[in-house]
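Below: the structure, in structure tokens.
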Amino acid sequence: MDEGNSIIYGLEHQTRALSPQYGESDAIRFLIGTQSLKPQSNQVHVVELEEDTGALHTKVFKHDIGEIWHLRCSPHDVAMLMTTHNAYDPLTSQCTMGVTLFKLPTVDVIPKDLDDLSAIQSRNAEDMVQLKTITPEKPEEEVRCAEWHPVDSNRIGIVYEGCMRVHDVNNGEVLANVTPEGRARLKFTGGKWNPHQGHCQFALLQDMHLKCYDTRTDCAKPSWSIDNAHRQLVRDLDFNPNRQFHVATAGDDAALNIWDYRNGKEPIFSRTDHSHWVWTVRYNTYHEQLLLTGSSDARALLTAAASICQDTDGEGKKISQVLEDGVLQSYEQHEDSVYCAEWSAAEPWTFASLSHDARLVLARVPRHFKYKILL
Amino acid sequence: MADSKENGENPLDIDGSSFNPDTYLDCLLKHATLKQIMDKEAEVVTQSQFLQSEMQTLVYENYNKFISATETVRKMRTDFKIMQEEMNKLSENMNKITSFSSQISGSLKESGSNVSRLCGTRQLLDKLQFLFLLPSQLNKAILEGRYVDAVHDYTHAQRVLQKYGNQPSFQSIQTECSEIIYGLKKTLRDRLLSPETSASELAESVGLLRQLQETGSSLQDIFLSCSESRLDKHLQVLSAIVESTDILEWVEKCNNTLLADLGIIISCYHEMFQDNEQTNIPEFADKIMLQVFHLFEEVIKRPENIGTEILIRGLDKFFRKLQAMTEITSSDTMSSKAVDIVVLCINHKATIQYQLIQAQFKDSLMKVRQSLASKGTESTDLKDILNSLQVYLMQKVQASLLDLMAFLQNNLSFGLKPWCANAIAEACWTVISETMVNLSDMVKKMACLQTSNNNIPFELLLILAKLCLEMQENGVTTLHSHLLKLLEESAPGLTVENKDTNSVMVHLSTAAQAALDSEVKFIGQTAAQMLRVSVLARDWLRAPEPRGPRAVCRRVVETLASADSAASQLFPTSVKPSSDSSRRTIWSRAPSSFSPLNRIFSERIEVFSPAGADRAALSNGALKVALKALVECVRLRTFGRHGLQQLQVDVHFLQQRLSCMGNDERLLNALLEDALHSAQLRCIDPQLMEASIVDIICERG
């Protein structure tokens with residue numbers, strides 16, 4: 001795995017949901033949700049990479065309430081996770097979506113004894129503790145995704161196709177409601193909490209635009225926005241964890257743009273290295289110049305945006321840039337569209353990418369780039 | 001006797017000097033007969049008698065002569081005696097004469113020296129009179145304006161005055177004279193400084209001043225500063241009329257006033273200050289000429305002087321004058337500057353030419369754009385438009401090349417110079433390459449614009465791409481060879497190195513590629529947008545039974561077909577794919593079950609990839625973009641049974657209609673299969689329709 005060899009893990013069903021275990025600081029652990037319309041067939045896979053041996057350990061949990069469109073682990077509790085799911089009800093011949101919080105019975109994946117091992121080898125799916133399900137007001141309303149509040153463990157933000165609401169985890173109560181103004185409402189496609197600005201802003205993706213709302217009140221006007229962030233649909237965004245005004249977006253024009261949202265006219269960094277829609281973009285939590293993107297051209301790209309991440313030293317001089325801007329490495333082990341790519345929460349150099357054909361690829365930043373950044 | 005004559009010393013020869021009478025007698029007695037002896041004796045007797053008588057007559061004759069000679073000698077002896085006496089007398093007289101003459105000369109000596117002293121005094125007095133009259137003479141001459149005479153007189157007198165200046169009588173004269181001369185100098189200087197004096201007068205004044213022993217360098221300075229102020233005046237006049245006159249008038253004026261004066265000044269300077277090293281004058285001339293050149297550059301840049309004919313004639317006049325000036329000043333910088341100004345002119349002309357071409361081309365492009373926007377796609381012949389644009393561009397460039405060739409006319413002063421021909425060659429190539437680079441930049445800009453907002457008709461992009469390619473393939477080389485031909489005609493024998501056409505080609509080909517890519521993206525995304533909106537908006541779960549392909553599919557096919565037909569006009573494909581396989585119905589590979597293995601055997605499809613420059617590749621590119629979007633959108637939806645069947649009908653319809661476009665049926669089928677397969681996986685009740693029914697529905701629709 002060190003010398004550019006990636007570890008591949010395959011599942012039985014299509015997949016669209018991937019999340020690192022944010023609360024975990026030691027083990028490299030990712031959770032995957034499957035997407036299958038067959039009843040009682042969906043699962044949540046917990047995948048742990050043993051760093052020393054490079055061995056991959058997995059644990060499977062049942063997710064019988066429907067296919068998983070989105071999955072997020074809690075940053076506050078290692079065992080907590082939240083899925084956005086969809087199920088077909090043959091009686092009403094209708095699909096209903098919802099957000100459900102789960103708690104894993106155990107976070108350990110690596111077997112400690114023979115019993116554990118045999119249990120894992122038999123691949124019998126275990127049960128998770130289902131804590132709370134939040135359903136939309138109108139049953140047919142689509143849920144796009146659900147995001148944990150970065151500091152308040154009792155709040156989650158749920159993006160519906162027409163609005164965004166902040167819910168209380170315990171009773172599902174709506175704490176804030178964001179409904180955009182205007183007659184011809186464009187649907188939301190996703191969103192994320194802003195980790196800066198007092199954790200109260202929620203950024204939403206709406207067609208080609210990025211709009212960020214204050215969640216302390218029910219507001220209709222965004223506090224800031226980037227209109228026409230991409231020439232076509234914006235698919236994903238990620239906030240720079242260290243610089244409070246930088247946000248990265250990815251979209252259907254195959255571009256990766258980075259913005260200083262105080263000036264949303266022109267991106268400060270833009271690259272078009274993919275050959276189809278870019279579905280996901282992630283900043284490395286520790287090294288903000290590293291960005292991970294996944295695209296439906298079946299590639300995950302590791303890109304450096306070093307030129308806009310330069311710091312100045314004490315005398316106001318720019319510290320020399322260690323990496324060239326551009327693609328550092330292309331990961332081509334996928335055969336189908338890559339919808340998810342995530343950095344590990346525990347180890348800054350490891351990341352996972354997940355394609356629609358249920359292939360998880362675990363890889364590491366190439367060693368020479370790592371040394372360049374560190375030394 | 002005959003024998004005796006055998007040798008010269010014959011003793012027998014009676015007339016010889018060695019005659020021996022005894023031997024002769026012996027010999028005679030021995031050989032001769034008596035009779036012979038008798039005869040001989042008689043003969044000898046007669047002969048001796050004859051000789052005797054002859055001798056006697058001779059003696060008589062000569063005796064008389066001798067007597068007379070003796071008498072003469074006697075007479076001479078007496079005569080000589082008289083002569084001796086006479087001679088003695090003469091010498092006596094001569095002695096007397098010399099003594100007398102020495103006496104006389106001794107007495108005359110004193111008076112002679114007196115006379116000569118008187119003569120000297122008189123000469124001195126003459127000079128003195130001249131000196132005493134000098135001040136009034138000078139005044140008179142100055143009053144009458146004969147400065148030359150005055151200076152001449154003064155310089156004559158000056159030596160004497162200097163010599164005897166300390167004598168009180170002369171002192172007054174000297175001071176008076178120097179006052180007058182001081183006044184003269186002043187008037188001369190005034191004349192120098194006064195603007196009305198002509199250049200020749202100026203030169204005269206300076207010459208006089210120089211004779212009056214003004215120091216050279218200060219005179220030079222005065223001279224130069226005066227000239228400069230005069231020339232400055234000319235310059236001001238010239239710069240004032242830059243705005244109001246055309247180049248011919250201006251050059252005329254410049255030649256007649258400024259350059260003529262400058263020539264006079266420089267030649268005068270050379271005459272007057274020959275001894276001096278020529279340090280000031282080139283500097284001076286350069287300073288003036290620099291300003292002249294600046295003005296001339298301004299004149300060139302005036303818009304009304306753009307016309308080639310007038311520009312060339314003006315330039316020719318100017319250059320001739322400059323060349324003449326160069327001979328006078330013998331300054332290298334000046335001649336090189338003159339060359340520079342011609343080259344500048346040529347380059348300026350070339351710049352104007354290609355800017356003009358660009359502007360005109362832009363205008364014609366704008367017209368094309370409007371006509372494309374107003375007319376329907378079907379009615380316009382893209383090939384015609386392409387041809388007219390191409391011909392237009394080529395003609396413009398060729399015309400401007402021809403125009404530039406006018407600089408090489410034989411009758412021009414610079415027309416036959418190799419540097420001029422080189423500059424022309426360079427300028428022509430600049431026109432060609434700049435036009436091409438401008439074209440590429442414009443196309444690239446348009447391609448860029450296209451992706452951000454779609455005001456530009458895609459046909460125009462196709463035309464421009466084709467135009468760039470045509471230019472790259474033929475245009476540049478045609479123009480290049482045309483240029484070489486023109487140069488060969490205008491300046492035969494000139495060797496022009498072949499220009500680097502590659503960089504221009506690269507520009508053109510990248511521009512063509514950008515335009516094609518942009519066109520493909522535009523068409524593909526238009527279709528993709530239609531498909532995306534239609535797939536996302538529809539309720540596939542509760543869809544009714546399919547009755548035909550959805551309308552959006554027709555629109556997609558229409559969009560792609562119109563782009564395809566436009567492309568086919570400009571980028572014909574020789575090989576058409578056989579259409580029999582298009583009847584094949586797509587069947588899902590593994591119905592209703594998910595297997596990650598499926599994809600391993602299918603090729604990776606690059607969706608947004610560079611488009612090839614032929615019809616099929618262009619259509620392929622657009623198809624890819626559209627259908628990949630369909631796949632991705634289908635995966636976001638959930639299908640009911642009828643929804644799936646509707647999609648099956650759509651996919652079948654698309655496959656039937658699109659297979660005639662592009663040439664990669666595998667690609668088309670792979671993408672459509674992917675779409676149908678994704679729909680199956682997203683279907684709660686995945687049951688496909690019978691192929692025959694699908695066929696019928698498609699036909700009916």
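Fair warning: this is a prediction, and the values are worked out from it, not measured in the lab.
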For a quick test of reading the model, state the closest non-hydrogen atom pair linking [X] to [Y] and the distance between them.
X: A:Ser296; Y: B:Glu632; result: CB-OE2, 3.1 Å
X: B:Leu541; Y: A:Ser93; result: CD2-O, 4.2 Å
X: B:Cys683; Y: A:Leu37; result: N-CD1, 3.6 Å
X: B:Leu636; Y: A:Trp69; result: O-CH2, 3.5 Å

Between [X] and chain A, which part of the residue has a heavy atom less than 4.5 Å away: side chain, backbone, both or neither?
X: B:Ala528; answer: neither
X: B:Arg532; answer: side chain
X: B:Ile684; answer: both

Please look at A:Gln94 and chain B and tell me whether the side chain, the backbone, both or neither of the residue comes under 4.5 angstrom of a heavy atom of that chain.
-> both
When the 4.5 angstrom heavy-atom criterion is applied to A:Asn86 and chain B, the contacting part is side chain
Under the ring pair (Phe, Tyr, Trp, His ring centres under 6.0 Å) test, which residues partner A:His85, sequence neighbours left out?
-> A:His63
Residues two or more places apart in sequence or in another chain: which of them pass ring pair (Phe, Tyr, Trp, His ring centres under 6.0 Å) with B:Trp540?
-> B:Phe639
Output the distance between atom CG (B:Leu681) and atom CG (A:Asp357), rounded to the nearest 0.5 Å.
-> 11.0 Å
Output the distance between atom CZ (B:Arg637) and atom CD (A:Glu142), rounded to the nearest 0.5 Å.
-> 5.5 Å
Would you mind reporting whether A:Glu67 and B:Arg682 have side-chain heavy atoms less than 4.5 Å apart?
-> yes
pair A:Arg231-B:Gln525: side-chain heavy atoms closer than 4.5 Å | no
Taking it one step at a time, do B:Arg635 and A:Asp336 satisfy side chain to side chain contact (heavy atoms under 4.5 Å, CB included)?
-> CA-CA 12 Å; B:Arg635 286 181 181 178; A:Asp336 203 339; 2.9 Å; yes
Starting from the C-alpha separation in whole Å, work towards a yes-or-no answer on salt bridge (charged side-chain N to carboxylate O under 4.0 Å, His left out) for A:Glu140 and B:Arg542.
-> CA-CA 12 Å; A:Glu140 71 276 10; B:Arg542 287 179 291 247; over 6 Å; no
Does B:Lys628 use its side chain to pair, donor to acceptor, with the backbone of A:Trp277 at less than 3.5 Å?
-> no
